[in-house]
Every structure is written in C-alpha cells, then in structure tokens.
Amino acid sequence: MFRNSFAAELRTRVGSNAEIATDSSLTEGVILKVTSQLVIVEEDSGYGPEKVYIAFNFINFVRFS
C-alpha cells in the first residue's frame with residue numbers, strides 16, 4: 001500500500017531534481033518516469049546524461065532540490 005502512495009507522489013514530481021539514496025549509492029538527477037516498480041532518473045555523470053533505473057524496494061529516501 002505504501003508503495004502505491006509513494007509512486008503516486010513521485011509521479012507528481014516527474015521533471016523535478018531529486019537525490020535518491022539506496023544502501024549502495026546516491027543518485028542525483030531529474031526524475032524522468034515513474035512506473036509501478038521503478039523510478040527512472042537522468043543523471044549527468046560528467047560524460048553526458050545517463051539513465052539510472054532504481055527499484056522501489058531499494059530506495060531509502062528521496063530528497064527534492
């Protein structure tokens with residue numbers, strides 16, 4: 001149930017800058033798309049934009065800037 005509410009909130013933030021933390025990484029970028037299982041973020045890695053796919057199961061927190 002929480003996953004559905006979380007996904008719905010993230011869908012309202014598509015196009016926003018965000019930091020998404022997992023146990024092993026911190027991803028900073030623009031939220032491109034939110035599905036029922038994934039958040040797709042465009043991160044600028046220094047070599048150009050790169051899409052990062054993050055499963056909801058692994059997200060510890062999201063911070064919007």
Side-chain angles (χ1 to χ4, degrees):
M1 179 153 162
F2 176 73
R3 183 184 294 179
N4 293 336
S5 299
F6 187 46
E9 177 61 29
L10 288 178
R11 277 189 201 97
T12 67
R13 306 287 188 126
V14 169
S16 299
N17 289 321
E19 294 178 350
I20 300 176
T22 65
D23 286 344
S24 61
S25 69
L26 178 66
T27 302
E28 297 181 54
V30 177
I31 298 175
L32 294 179
K33 186 174 183 180
V34 179
T35 69
S36 61
Q37 309 236 341
L38 293 170
V39 177
I40 303 171
V41 178
E42 184 174 69
E43 180 180 53
D44 187 6
S45 62
Y47 297 103
E50 179 179 329
K51 287 184 183 175
V52 180
Y53 298 80
I54 306 168
F56 279 113
N57 305 14
F58 298 108
I59 295 175
N60 292 331
F61 72 83
V62 178
R63 180 179 302 148
F64 299 99
S65 52

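If you're wondering where the values come from, they're calculated on a predicted model, not measured in any experiment.
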Original post:
Given the rule that I, L, V, M, F, W and Y join up when any side-chain heavy atoms are under 4.5 Å apart, are F58 and V52 in one cluster?
Top reply: no

Original post:
Is there a path of hydrophobic side-chain contacts, each under 4.5 Å between heavy atoms of I, L, V, M, F, W or Y residues, that connects F56 with I20?
Top reply: yes

Subject >> From E9 atom CD to N4 atom CG, the distance as rounded to the nearest 0.5 Å >> reply: 13.5 Å

Original post:
For T27, does its backbone N or O pair with a side-chain atom of S25 as donor and acceptor, under 3.5 Å?
Top reply: no

Original post:
Are the side chains of F6 and I59 in touch, meaning some heavy atoms are under 4.5 Å apart?
Top reply: yes

**OP:** Check V14 against L32 and note the closest heavy-atom contact, atom names and distance.
**Re:** CG1-O, 3.3 Å

Subject >> Heavy-atom side-chain contact between I40 and V34 under 4.5 Å >> reply: no

**OP:** Please name the pair of heavy atoms, one in E43 and one in E28, separated by the smallest distance, quoted to 0.1 Å.
**Re:** CG-O, 3.3 Å

Original post:
Does some side-chain heavy atom of V41 sit less than 4.5 Å from a side-chain heavy atom of V30?
Top reply: no

Original post:
Are any of the side-chain heavy atoms of I31 and F64 separated by less than 4.5 Å?
Top reply: yes

Original post:
Can you name the closest pair of heavy atoms from D44 and P49 and give their distance?
Top reply: OD1-N, 4.2 Å

Original post:
What heavy-atom pair brings A18 and S65 nearest, and what distance separates the two atoms?
Top reply: N-OG, 4.5 Å

